[in-house]
Amino acid sequence: MSAQRSFVGTPRLVTIYGLKVAMQVQGDGDPLLVINGMTRPLRSWEPFIQELRGRKVVSFDAPGVGASPTPVLPLSMPGLAEIAAAVLDAAGLADADVLGYSHGGAVAQQLVHDEPGRVRRLVLAATSCGVGATPGSGRDGLRGLRTPAVANAWPRADVMGLVWQSLAFSNWSSIPFLGSVGTPTLVVCGSHDRIVAPVNSRILARRIPGASLAMVPAGHDLQRPGVAKMLADVVERFLRADADTERLPAIC
């Protein structure tokens, strides 16, 4: 049974490239940077974090999401990856394991391309390569942006924040560099995902050298209670197994 943890207090605001960014660091152990899906605040990770054991989890609100004010001008995907790297700096971390969910998976791909030395191991959850991906259901995608129907639901997303995030993704693709990713990678998707079709995860797993693919019986929302436990179990097994492999002595 995993230890239950919850968000305590409020995120702290740090200044990154002139922007105010809300971030939070929880727990102790090997660091894991989690990058949110489109319009989702760091609070969306709470069910997932409650299922983790022995991890220092770093989360943040992308500019225009949650407690991070919306910038005047949009950020590109490389710009969002720079924000993620600067969050690691603010947390005092040279590197970390990185988990990107949905839109955050695109940011994570860009981060591992731009600064591979900062990503120990990479988990891409319910995401795609961007331009060139197989499109999903637009109606389901819009439904997924609504405020969750739970008692502690987070506020609705800022409209311009949504527009800026959409623009960053609209003309971005990781296809040109996926074959050069040398970081141990796990790709995770819901077998019933209608927003980001599972075929997109298969493409990522095939194009990233040595990547593994895991499918869970779920839709797109891998952060909601119940499903988040399945995601946490898969992620923990991957991170633990890869770390154990790294500790094995060389066999000549």
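Given the structure is predicted, the values throughout are model-derived calculations rather than measurements. Counting from 1, the numbers follow the sequence of the chain as shown.
Between Leu186 and Val234 there is a side-chain heavy-atom pair separated by less than 4.5 Å. The side-chain heavy atoms of Met77 and Asn171, taken from C-beta on, include no pair separated by under 4.5 Å. Taking the side chain as every heavy atom from C-beta outward, Leu111 and Val119 approach each other to under 4.5 Å.
Of the possible polar contacts, one joining the Ser173 side chain to the Ile175 backbone as a donor-acceptor pair under 3.5 Å is found. A distance-only check finds no donor-acceptor pair linking the side chain of Glu51 to the backbone of Asp233 [under 3.5 Å]. Within the 3.5 Å criterion, the main-chain N or O of Pro41 finds a donor-acceptor partner in the side chain of Ser44.
For the 3.5 Å distance criterion, the side chains of His220 and Ser102 qualify, holding a donor opposite an acceptor. Remark: the Lys20 side chain and the Ser68 side chain contain no N/O donor-acceptor pair separated by less than 3.5 Å. A donor-acceptor contact under 3.5 angstrom links the side chains of Gln223 and Arg40, judged on distance only.
There is no path of hydrophobic side-chain contacts, each under 4.5 Å, that joins Val65 to Ile83.
For the pair Ile195 and Asp193, the tightest heavy-atom approach, listed with the atom from each and the gap, is N-OD1, 2.8 Å.
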From CA spacing to verdict: salt bridge (Lys or Arg N to Asp or Glu O under 4.0 Å), Asp95, Arg121: CA-CA 10 Å; Asp95 57 21; Arg121 291 166 289 232; over 6 Å; no
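When each of Leu32, Leu33, Thr183, Val112 is tested with Val98 by the rule side-chain contact (heavy atoms from CB on, under 4.5 Å), just one qualifies, namely Leu33.
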